[in-house]
Amino acid sequence: MTTVLKFGGSSVATIEQIQAISDYLQTRVATGEKLVVVVSAMGKTTDSLLSLAKQITDRPMIRELDRLLAVGEEQTISLLSIALNSRGVPAISLTGQQAGIDTMGIHTKSKIKAIRKEVLHEKLRQYDVLIVAGFQGVNEAGDVTTLGRGGSDTTAVALAAVLSQRCEIYTDVAGVYTTDPRIHPTAKRLDTVSYDEMMEMSALGSKVMEMRSVELAKKYDVNIFVGKTLSSEGGTWIMDTAQAMEQKAVTSVSVVKNVLSVSIKHIPHTAGVANIFERLSERHVNIDMISQTAFDGEVFLSFTCPLDEEAFLEAALAELTATLPQIKIDRHTEHAKISVVGIGMRDATGVASELFATFREMGILFYQVTTSEISISYTIQEQDVEAAVAAIAARFHL
């Protein structure tokens, strides 16, 4: 039996932690398992490497940045391999290129094009543990590329897909919770969650899993276990909807803080909206929660964006007011996005009315609402987040 495991940066932050993980892997090998282990860079190594580059220039060449960032994972795989071999466990460290991971796309944001599984099968015949650098691969030009945020999760799931095995993700939390325990300490750990719910949760602010990795798992039917490193607490299985044990109307509440809300009035109904989105795109503003109404030849437009993109937004809005002087712009900088997610919303009715009633009873104002098939999102004052999460959790027994 072969299993793919992934350990995040906080799990391999020190030599002591690497030694402890080696002991754990040794016990699994002793039962006859073959292991493919994906690891991230130790602790804050990636941030430290980025800081070094920025001491030279604010705009490092992205090819060289990828080469630099890949060093973090390569350090971890070497140390873990040394630890395992010192215990008599046949193990080998592999960069993304050595593991046969081919990538495509631009540097720092590449995607996995293919994995040469014959490389993995050959190595597994020789070794009990393959330790693969997460977050990286090699493109057609032979250059090292990285996969962007959450890239090690994507690496692990892709390897599991190629090998037709399950994937175990180990991190500093004991699974997927109904909401962030730091916001709502009595949040419950979910035993199972569907791919669709996990993707929606990731898109709406949950940081447990990167959305691309869950998309990949759904496409190739890879069951993912998320648990706390070296803990017996149990964890959460991410799997197909039909396999999930529960399909409640509301499964979780996700929160994104530091949201900037924008409303624009008196937009011409002709090319005005297209002009606005072109300007925002040119300035690389990551917009979200778009809503639009039209009346009497004019458009009212609302959207949100991350607060740390305010400078880009202001540059785009300055250009807009120069070309559309009649528009009126309102900004709110102390907002948050709160989203409820549940696969059961596809069939259940009344969830929206329950949420509206909850906000009314708590005296919490909301400024914008958007929906998908399995989620409803609101913008509210950031100061109301804890109260809103607690009230929703109580109402839906989360």
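Numbers for residues simply follow the sequence, beginning at 1.
- A 6.0 Å sphere centred on OH of Tyr24 holds more than 12 heavy atoms belonging to other residues, nucleotides or ligands.
- Pairing each heavy atom of Asn286 with each of Glu309, the nearest pair is N-OE1, 2.6 Å.
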Kindly determine whether Ser81 and Asn85 satisfy side-chain hydrogen bond (donor to acceptor under 3.5 Å, both in side chains), including the steps that lead there. CA-CA 6 Å; Ser81 181; Asn85 280 287; 3.2 Å; yes
Evaluate the side-chain hydrogen bond (donor to acceptor under 3.5 Å, both in side chains) criterion for residues Thr146 and Asp66: first the C-alpha distance (whole Å), next the side-chain angles of each, then the deciding distance (0.1 Å), finally the verdict. CA-CA 6 Å; Thr146 61; Asp66 269 355; 2.5 Å; yes
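- The two atoms that bring Ala336 and Val385 nearest to each other are CB-CG2, 3.5 Å, heavy atoms only.
- Linking ILVMFWY residues whenever their side-chain heavy atoms come closer than 4.5 Å, directly or via other members, leaves Val129 and Leu163 in distinct clusters.
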Leu301/Ser263 under side-chain contact (heavy atoms from CB on, under 4.5 Å): CA gap, chis, key distance, verdict: CA-CA 6 Å; Leu301 178 68; Ser263 297; over 6 Å; no
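- For residues 304-330, no residue pair satisfies the ring pair (Phe, Tyr, Trp, His ring centres under 6.0 Å) rule, not counting sequence neighbours.
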For a side-chain contact (heavy atoms from CB on, under 4.5 Å) check, start with the C-alpha distance between Val389 and Leu398, then their side-chain angles and the critical distance, and finish with the verdict. CA-CA 10 Å; Val389 169; Leu398 302 179; over 6 Å; no
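- Nearest heavy-atom pair across Ser375 and Met345 is N-SD, 3.8 Å.
- Applying the 6.0 Å contact sphere to CG of Asp308 captures more than 12 heavy atoms from other residues, nucleotides or ligands.
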For a side-chain contact (heavy atoms from CB on, under 4.5 Å) check, start with the C-alpha distance between Ser110 and Met104, then their side-chain angles and the critical distance, and finish with the verdict. CA-CA 6 Å; Ser110 290; Met104 60 184 180; over 6 Å; no
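- Residues Ser93 and Gln98 approach most closely at O-OE1, 3.9 Å, considering heavy atoms.
- A salt bridge is defined here as a Lys NZ or Arg NE, NH1 or NH2 lying under 4.0 Å from an Asp or Glu carboxylate O, and Lys6 with Glu210 fails to meet this definition.
- Checking Ser254 against Ser339 by side-chain atom types alone, no donor-acceptor pair falls below 3.5 Å.
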Verdict with reasoning, Ser194 to Met239, per side-chain contact (heavy atoms from CB on, under 4.5 Å): CA-CA 5 Å; Ser194 70; Met239 57 181 60; over 6 Å; no
Evaluate Gln368 against Thr379 for side-chain hydrogen bond (donor to acceptor under 3.5 Å, both in side chains), listing each step before the verdict. CA-CA 5 Å; Gln368 193 173 356; Thr379 50; 4.6 Å; no
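- Between Lys218 and Glu200, none of the side-chain N atoms (NZ, or NE/NH1/NH2) sits under 4.0 Å from a carboxylate O, so this pair counts as no salt bridge.
- No side-chain donor from either of Glu278 and Ser281 sits under 3.5 Å from a side-chain acceptor of the other.
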With salt bridge (charged side-chain N to carboxylate O under 4.0 Å, His left out) as the test, would you mind laying out the steps for Lys257 and Glu386 before giving the verdict? CA-CA 11 Å; Lys257 294 185 177 181; Glu386 284 75 13; 3.3 Å; yes
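- Under the 4.0 Å criterion applied to side-chain N and carboxylate O atoms, Arg87 and Asp23 are assigned as salt-bridge partners.
- Taking all atoms of both residues into account, the shortest heavy-atom contact from Val38 to Ala156 is CG2-CA, 3.9 Å.
- In summary, Lys265 and Glu298 do not engage in a salt bridge, as defined by a charged side-chain N under 4.0 Å from a carboxylate O.
- Of all heavy-atom pairs between Arg279 and Thr323, the closest is NH2-CG2, 3.7 Å.
- Ile82 and Ile92 are assigned to two separate hydrophobic clusters, defined by single-linkage of ILVMFWY side chains at heavy-atom distances under 4.5 Å.
- Between Glu215 and Arg212 there is no salt bridge, since none of the side-chain N atoms of the basic residue sits less than 4.0 Å from a carboxylate O of the acidic one.
- A distance of 6.0 Å or more separates the ring centres of Tyr378 and Tyr367.
- Residue Val369 is not grouped with residue Val259 when hydrophobic side chains (ILVMFWY) are merged at heavy-atom distances under 4.5 angstrom, including chains of intermediate members.
- No continuous path of hydrophobic side-chain contacts links Phe356 to Leu365 [ILVMFWY only; heavy atoms under 4.5 Å].
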Show every donor-acceptor pair shorter than 3.5 Å between a side-chain atom in residues 29-36 and any protein atom, with sequence neighbours excluded, or say none if there are none.
residue	atom	partner	partner atom	Å
Thr31	OG1	Arg28	O	2.6
Glu33	OE1	Arg28	NE	2.9
Glu33	OE1	Arg28	NH2	3.4
Glu33	OE2	Thr3	OG1	2.6
Glu33	OE2	Arg28	NH2	3.0
Lys34	NZ	Leu124	O	2.7
Lys34	NZ	Tyr127	O	3.1
Lys34	NZ	Asp128	OD1	3.2

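- No continuous path of ILVMFWY side-chain contacts below 4.5 Å connects Val173 to Leu190, so the two sit in separate hydrophobic clusters.
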Given salt bridge (charged side-chain N to carboxylate O under 4.0 Å, His left out), test Arg63 with Asp143 step by step and report yes or no. CA-CA 8 Å; Arg63 178 192 182 276; Asp143 292 331; 3.0 Å; yes
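- One finds a salt bridge joining Arg331 and Glu314 here, because a Lys/Arg side-chain nitrogen approaches an Asp/Glu carboxylate oxygen to under 4.0 Å.
- Ion pairing between Glu354 and Arg395 holds under the 4.0 Å rule for side-chain N and carboxylate O.
- Checking Thr333 against His335 by side-chain atom types alone, no donor-acceptor pair falls below 3.5 Å.
- Ion pairing between a basic and an acidic side chain is recognised when a charged N comes within 4.0 Å of a carboxylate O; Lys337 and Asp288 show such pairing.
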